[in-house]
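First comes the structure, then the notes that go with it.
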Amino acid sequence: MTAANALDGLGAMILSGQVEVVDCSGTLGPETPILRLPEDFAKNTPKVEIHKISEYDEDGPFFAWNWMVLGEHSGTHFDAPHHWITGKDYSDGYTDTLDVQRLVAPVNVIDCSKESAENPDFLLTADLIRAWEAEHGEIGAGEWVVMRTDWDKRADDEDAFLNADDTGPHSPGPTPDAVEYLLSKRIVGWGSQCIGTDAGQAGGMEPPYPAHNLLHRDNCFGLASLANLDKLPPRGALLIAAPLKIKHGTGSPIRALALVPRG
């Protein structure tokens with residue numbers, strides 16, 4: 001089969017519903033949960049604001065449009081390598097310089113929803129990933145890997161989504177050895193349904209925040225606040241995760257879409 005035939009067939013299957021387009025993004029608006037950093041540590045991203053310019057009125061009689069205030073890393077979003085100090089030297093590490101060929105790839109969905117419901121500090125290890133591969137097949141080079149926790153079910157309640165107490169946030173994520181193992185497979189990127197790509201308590205790991213630290217060290221991408229991963233199979237779907245082409249952008253809100261075979 002030629003590439004042209006394959007694309008023609010894919011188009012037909014999308015139109016017929018044999019391939020479903022699944023929205024893997026949450027709604028972006030004033031109620032969208034935003035990461036909170038200690039004020040004595042760093043400046044925070046502002047809450048999302050949406051302001052009306054006009055809506056078929058004296059400010060614009062035939063059209064409606066808005067202007068917005070938002071951070072690059074708001075809502076369902078993409079982390080480019082330049083987001084973290086370990087990726088600061090990649091010339092193709094910005095949202096306007098990265099290789100777009102890498103953004104569309106098969107996605108591996110590791111289901112940790114049961115464990116995360118029982119323990120919000122659940123950690124995915126390299127051994128658990130190997131066990132998943134033994135059941136579902138090996139993770140391939142250039143593929144996405146995402147951790148299903150069903151954390152998106154909390155997205156309508158910012159306090160529940162951030163899940164923080166006096167010891168900091170509590171949310172599931174990967175261990176350093178899990179991230180290193182995935183990087184040894186030469187993945188394109190890692191995704192989470194939580195506020196960031198790391199576990200809530202990842203600041204105490206070695207290295208701290210391993211998903212950020214190690215992924216961007218290797219010029220790989222991160223996805224955060226993903227939604228609807230329960231609608232994806234463990235393997236067999238394609239994920240499209242394209243950031244806005246922001247000049248020297250370190251990340252961007254995205255509309256992540258998965259192509260999922262049905263029937």
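Counting begins at 1 with the first residue of the sequence. Note that the structure is a prediction, hence the values are computed from the model and not measured.
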Audit row: Arg130, Asp127, salt bridge (charged side-chain N to carboxylate O under 4.0 Å, His left out) steps and yes/no: CA-CA 5 Å; Arg130 292 187 187 97; Asp127 283 344; 2.8 Å; yes
Met68 with Ile53, same ILVMFWY side-chain cluster at under 4.5 Å: no
Hydrophobic cluster identity match, Val107 and Leu238, side-chain contacts under 4.5 Å: no
Distance-minimising heavy-atom pair for Pro210 and Pro176: CB-CA, 3.7 Å
Closest non-hydrogen atom pair between Ala105 and Gly142, with its separation: CB-O, 3.2 Å
Side chain proximity check, Ser54 to Phe63, heavy atoms < 4.5 angstrom: yes
Any Asp111 side-chain heavy atom under 4.5 Å of Val109 side chain: no
Neighbour count above 12 (heavy atom, 6.0 Å) for Glu138 CD: no
Main-chain N/O of Asp23 paired with Asn228 side-chain donor or acceptor, under 3.5 Å: yes
Closest non-hydrogen atom pair between Met205 and Leu123, with its separation: CE-CD2, 3.5 Å
Under 3.5 Å donor-acceptor, Ser116 side chain and Pro120 backbone: no
Within the 6.0 Å centroid threshold, strictly below: Phe78 and Phe221: yes
Side-chain donor-acceptor pair present, His170, Asp165, cut-off under 3.5 Å: yes
Salt-bridge contact Lys185-Glu133 (side-chain N to carboxylate O under 4.0 Å): yes
Side chain to side chain contact (heavy atoms under 4.5 Å, CB included) between Arg102 and Trp144, intermediate numbers included: CA-CA 10 Å; Arg102 304 173 68 199; Trp144 291 103; over 6 Å; no
Flag, side chain of Ser25 to backbone of Ile254, donor-acceptor distance under 3.5 Å: yes
Ser225/Asp152 under side chain to side chain contact (heavy atoms under 4.5 Å, CB included): CA gap, chis, key distance, verdict: CA-CA 7 Å; Ser225 295; Asp152 58 324; over 6 Å; no
Thr2 vs Asn5, side-chain hydrogen bond (donor to acceptor under 3.5 Å, both in side chains): CA-CA, chis, key distance, verdict: CA-CA 5 Å; Thr2 66; Asn5 287 339; 3.2 Å; yes
Hydrophobic cluster membership, Val19 vs Val260, 4.5 Å side-chain cutoff: no
Exam field: side chain Asn108 to backbone Ile139, donor-acceptor pair closer than 3.5 Å: no
Exercise: identify the closest heavy-atom pair between Thr125 and Asp177: CA-OD1, 4.1 Å
Side chain to side chain contact (heavy atoms under 4.5 Å, CB included) between Ile110 and Val145, worked out: CA-CA 7 Å; Ile110 302 177; Val145 179; 3.8 Å; yes
Greater than 12 external heavy atoms within 6.0 Å of Arg36's CZ: yes
For the student: nearest non-hydrogen atoms of Leu226 and Ala256, plus distance: CD2-CB, 4.0 Å
ILVMFWY network linking Met147 to Leu215, side-chain heavy atoms under 4.5 angstrom: yes
Step-by-step side chain to side chain contact (heavy atoms under 4.5 Å, CB included) determination, Tyr209 to Leu214: CA-CA 8 Å; Tyr209 307 106; Leu214 302 174; over 6 Å; no
Check ion pair Arg154-Asp156 (N to O, under 4.0 angstrom): no
Side chains of Asn163 and Ser171 in contact at under 4.5 Å (non-hydrogen atoms): no
Heavy-atom closest contact (Ile34 atom, Val48 atom, distance): CD1-CG2, 4.2 Å
Flag, side chain of Tyr90 to backbone of Arg217, donor-acceptor distance under 3.5 Å: yes
Salt bridge flag under 4.0 Å for residues Glu158 and Lys47: yes
Side chain Thr86, main chain Asn213, donor-acceptor under 3.5 Å: yes
Thr250 and Glu72: side chain donor to acceptor below 3.5 Å: yes
Residues Arg148, Asp230: salt bridge by 4.0 Å N-O rule: no
Residue pair Pro243 / Leu103, side-chain heavy-atom distance below 4.5 Å: yes
Side chains of His248 and Tyr94, donor plus acceptor under 3.5 Å: no
Any side-chain donor near an acceptor of the partner, His51 and Asn66, under 3.5 Å: no
Ile85 atom CD1: more than 12 heavy-atom contacts under 6.0 Å: no
Any donor-acceptor N or O pair under 3.5 Å, side chains His216, His83: no
Asn119 side-chain N/O to Asp121 backbone N/O, donor-acceptor pair under 3.5 Å: yes
side-chain hydrogen bond (donor to acceptor under 3.5 Å, both in side chains) evaluation trace for Thr197 with His212: CA-CA 7 Å; Thr197 54; His212 286 81; 3.3 Å; yes
Side chain Thr32, main chain Gly29, donor-acceptor under 3.5 Å: yes
Lys245 vs Thr95 side-chain heavy atoms within contact, under 4.5 Å: no
Salt bridge present between Glu143 and Arg186 (N-O < 4.0 angstrom): no
Side-chain (Asn44) to main-chain (Leu37) donor-acceptor, under 3.5 angstrom: yes
Short side-chain to backbone donor-acceptor contact, Asp198 and Ala211, under 3.5 Å: yes
same_hphob_cluster(Val69, Trp65) at 4.5 Å side-chain heavy-atom cutoff: yes
